[in-house]
2 protein chains.
Amino acid sequence: MRADAQRNYDRIVTAAADAIAHDGADASLEDIARRAGVGSATLHRHFPNRAALLEAVFHERIENVCGRARELTAGDDPYAALLAWLRELGAYVTTTRGLAASLLDGPHHSDACTVMLTSAGEELLLRAAAAGKVRADVSMTDLVTLVNAISLATEHSGPGETQRLLALALEGITPPGA
Amino acid sequence: MRADAQRNYDRIVTAAADAIAHDGADASLEDIARRAGVGSATLHRHFPNRAALLEAVFHERIENVCGRARELTAGDDPYAALLAWLRELGAYVTTTRGLAASLLDGPHHSDACTVMLTSAGEELLLRAAAAGKVRADVSMTDLVTLVNAISLATEHSGPGETQRLLALALEGITPPGA
DNA sequence: GCTGAAGTGGGGTGCCCCTCCGTATCGTAG
DNA sequence: CTACGATACGGAGGGGCACCCCACTTCAGC
């Protein structure tokens, strides 16, 4: 890739991150191009559609979360580690406007982001399941979908709501006693 | 309301229902007006924004679900009734493209639809909680939000996935034994 | 420096939401 | 049955959007 192309690519991603934080996932692409100081054609050449741009923007953030999964895997309480990671995932996704929407958008859930997340969390789930703390019919895809769904639904209700609903969904609605 | 206004109103709602079933919640308003055989101005006079139109389209459907809640309240197993109703709600919402999105869209969850649903299900929840089958800190708003979130997330994965994930969220991820 | 390839961005296209305003239609009062 | 005021209509147009085309500029190796 030529030096100027790389420079424009980076500028666009930075501008997109700003715009998305400000306007959400449906920020205007032309506005992003304007902020980045490039023509709209340049943006569309680097990123053929909105999803590609969002993926680039969130890639770094998602990698952080995946790194946390690897860190947590080292601990000795697999179930607690899994819960902690899902909580962190929910917090990340909710505070990053538009991430949940972009992760669930479109008919194909095979986005690079979703794949990264599920494979990063797989080990955590396997350990928790091996310890008998998680039902065997639960997949990492299920859990990531659940976290994303709740994050999306509570985007306008604050992070506390996200955590509360997530905990509810993970524990179930029946009382601890029965 | 004048007779022709009523006629156009009905035509628009019918056309909108068709268009939404075909294209999802972000169907073109101009296209809807065209299908209904009215000018776009007429559509915008009857429905000042997209949310208002969606509300009108889904109102009847939501009323059916609310009616089912009242029917189920009559049964003698409150917990089973609650679960059944949430399942039905999920099925309705998923099969009606765009309903979940419209229910969760916008910063205000005080849409008429959401209010109708929560108040309709309140009685079911109260009975199930009184029977000790549901945690006391769970509100009907939580449950409706959860169902909508899962429906939205699984819109592209088929109704089976919705039911599976919903069951998972209601039961929790821990195995029945421990 | 020269040159071909790679990259750029202004302008154009078509669609969108929404509004204005002259016109047609409705319901009623006479 | 007619005339009239209120109501509703829709074509036209403004502003914005995503996306594409192509004449032009910039880069990097010779």
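These numbers come from the heavy atoms of this one structure, side chains and all, not from hydrogens, waters or symmetry mates.
Applying the salt bridge (Lys or Arg N to Asp or Glu O under 4.0 Å) test to Asp26(A) and every residue at least two apart in sequence or in another chain returns nothing. Listed by chain and residue number, nothing satisfies the side chain to side chain donor-acceptor pair (under 3.5 Å) test with Glu55(B) (two or more places apart in sequence, or in another chain). Taking Arg11(B) as the reference, nothing meets the salt bridge (Lys or Arg N to Asp or Glu O under 4.0 Å) condition, with sequence neighbours excluded.
Within residues 52-59 of chain A, no residue approaches DNA chain D, by heavy-atom distance under 4.0 Å. Contacts with DNA chain C (heavy atom under 4.0 Å) in residues 35-43 of chain B: Ser40(B), Ala41(B), listed by number. Against DNA chain C, the stretch residues 15-25 of chain B makes no heavy-atom approach under 4.0 Å.
Residue pairs meeting the ring-ring contact (aromatic ring centres under 6.0 Å, His included) criterion with at least one member in residues 52-81 of chain B: none, sequence neighbours excluded.
Over its length, the helix from dG1(C)-dC30(D) to dG30(C)-dC1(D) turns its helix axis by 0°, as judged from the five terminal pairs at each end, rounded to 10°.
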Residues 40-50 of chain B, side-chain donor-acceptor partners within the protein, below 3.5 Å, at least two apart:
| unit_1 | atom_1 | unit_2 | atom_2 | d |
| --- | --- | --- | --- | --- |
| Asn49(B) | OD1 | Ala51(B) | N | 3.3 |
| Asn49(B) | OD1 | Ala52(B) | N | 2.9 |
| Arg50(B) | NE | Ala25(B) | O | 3.0 |
| Arg50(B) | NH2 | Ala27(B) | O | 2.1 |

Distance-only check: which donor-acceptor pairs under 3.5 Å involve side-chain atoms of residues 81-93 of chain B, not counting sequence neighbours?
| unit_1 | atom_1 | unit_2 | atom_2 | d |
| --- | --- | --- | --- | --- |
| Trp85(B) | NE1 | Val65(B) | O | 3.0 |
| Glu88(B) | OE1 | Arg68(B) | NE | 2.9 |
| Glu88(B) | OE2 | Arg68(B) | NE | 3.3 |
| Glu88(B) | OE2 | Arg68(B) | NH2 | 2.7 |

When you check every protein heavy atom under 4.0 Å of nucleotides 22-27 of chain D, what one-letter string (B, S, -) results, 5' to 3'?
----BS
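Put simply, His44(A) has no side-chain N or O that comes within less than 4.0 Å of OP1 or OP2 on dG9(C). Look at Asn8(A) and you won't find any side-chain N or O under 4.0 angstrom from OP1 or OP2 of dG7(C).
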Please write out the pairs of protein N or O atoms and N or O atoms of nucleotides 13-15 of chain C separated by less than 3.5 Å, giving the distance to one decimal.
none

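By the 6.0 Å contact criterion, CG on Asn64(B) is enclosed, its count of non-hydrogen atoms from other residues, nucleotides or ligands being greater than 12.
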